[in-house]
Amino acid sequence: IWPTSGKLIVSFGIKKGGRRNDGINILSALGNPVRASLKGKVVYVGNEIPAWGNLVLIRHSKGWTTTYAHLNKILVKKDELVSKGALIGSVGSSGNVSKAQLHFQIRKSAKPLNPLDYLE
């Protein structure tokens, strides 16, 4: 499922200047709910990657992972099991963004995939 509501502002793939976005960015109101796209286990909660700010990683079955970055609040803990649609945090502007948004990634065996090919 879509992790939050809002407007797609940065798409997946190679950008001007050779930069690459391994996910999508969704412009959304500060504090809007962020939900787990699929059931899984929270494997990372933190802000050690400065560009991404407050970050949650969820591991799903069969090598799938989802990433949720720039969060305002994080409402889950590492090793917590979450269901599809579970509230995991809220939209923020942490990291290197100036507007409230969610950076969202889907990976299969560490390979980034275009989330728009998988979201309902």
Side-chain angles (χ1 to χ4, degrees):
I1 64 168
W2 280 82
T4 196
S5 60
K7 177 184 174 187
L8 182 67
I9 56 169
V10 183
S11 59
F12 176 87
I14 304 294
K15 305 296 167 212
K16 289 182 181 177
R19 291 186 56 113
R20 177 180 161 149
N21 189 9
D22 284 343
I24 58 173
N25 291 54
I26 304 165
L27 185 67
S28 190
L30 180 68
N32 267 0
V34 175
R35 300 185 181 281
S37 279
L38 195 62
K39 73 177 183 175
K41 181 179 182 179
V42 177
V43 294
Y44 178 84
V45 172
N47 59 8
E48 284 81 21
I49 304 172
W52 282 6
N54 296 324
L55 174 67
V56 171
L57 295 175
I58 300 176
R59 181 178 299 134
H60 311 282
S61 63
K62 300 179 182 171
W64 293 89
T65 59
T66 51
T67 303
Y68 310 79
H70 305 307
L71 299 174
N72 183 46
K73 291 182 182 174
I74 295 174
L75 303 173
V76 291
K77 296 187 180 339
K78 187 175 186 289
D79 296 325
E80 186 174 335
L81 297 176
V82 295
S83 58
K84 178 180 175 179
L87 186 62
I88 61 168
S90 63
V91 172
S93 57
S94 62
N96 68 352
V97 297
S98 59
K99 294 179 182 174
Q101 61 189 273
L102 177 70
H103 175 73
F104 176 71
Q105 292 185 7
I106 296 177
R107 292 178 180 256
K108 171 75 170 167
S109 303
K111 179 184 176 192
L113 300 170
N114 186 346
L116 298 180
D117 292 340
Y118 298 91
L119 294 171
E120 294 174 355

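Tested against I58 for a side-chain contact (heavy atoms from CB on, under 4.5 Å), the candidates V45, T67, V42 yield a single pass: V42.
Listed by first and then second residue, the ring pair (Phe, Tyr, Trp, His ring centres under 6.0 Å) pairs involving residues 3-40 amount to none (not counting sequence neighbours). Applying the salt bridge (Lys or Arg N to Asp or Glu O under 4.0 Å) test to every pair with at least one member in residues 9-25, sequence neighbours left out, gives these pairs: R20-D22, D22-R107. Screening residues 89-103 for side-chain hydrogen bond (donor to acceptor under 3.5 Å, both in side chains), with sequence neighbours left out, gives N25-Q101, N25-H103, H103-Q105.
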Please table the atom pairs, donor to acceptor, closer than 3.5 Å between any side-chain atom in residues 74-87 and protein atoms at least two apart or in another chain.
{"residue": "E80", "atom": "OE1", "partner": "K77", "partner atom": "N", "Å": "2.9"}
{"residue": "K84", "atom": "NZ", "partner": "E120", "partner atom": "OE2", "Å": "3.0"}

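The hydrophobic cluster of L38 has no other members, since no ILVMFWY side-chain heavy atom comes under 4.5 Å of it. Membership of the apolar cluster around L55 extends to V43, Y44, I49, W52, L57, as traced through chained side-chain contacts below 4.5 Å between ILVMFWY residues.
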Candidate pair L116 and L8, rule side-chain contact (heavy atoms from CB on, under 4.5 Å), full reasoning: CA-CA 10 Å; L116 298 180; L8 182 67; 3.8 Å; yes
Derivation and outcome, side-chain contact (heavy atoms from CB on, under 4.5 Å), residues L113 and W64: CA-CA 10 Å; L113 300 170; W64 293 89; 3.6 Å; yes
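Distance check: T4 OG1 to I26 CD1 gives 6.5 Å after rounding to the nearest 0.5 Å.
Closest heavy-atom contact between P3 and L119: CD-CD2, 4.4 Å. Here the closest heavy-atom approach between residue V56 and residue L71 is recorded as CG2-CD1, 3.7 Å. Here the closest heavy-atom approach between residue N32 and residue S5 is recorded as ND2-OG, 3.7 Å.
No donor-acceptor pair under 3.5 Å is formed between the side chain of T66 and the backbone N or O of I106. Looking at H60, its side chain does come within 3.5 Å of a backbone N or O of K39 through a donor-acceptor pair.
Within the 4.5 Å cutoff, the side chain of Y118 has no heavy atoms near those of the S37 side chain.
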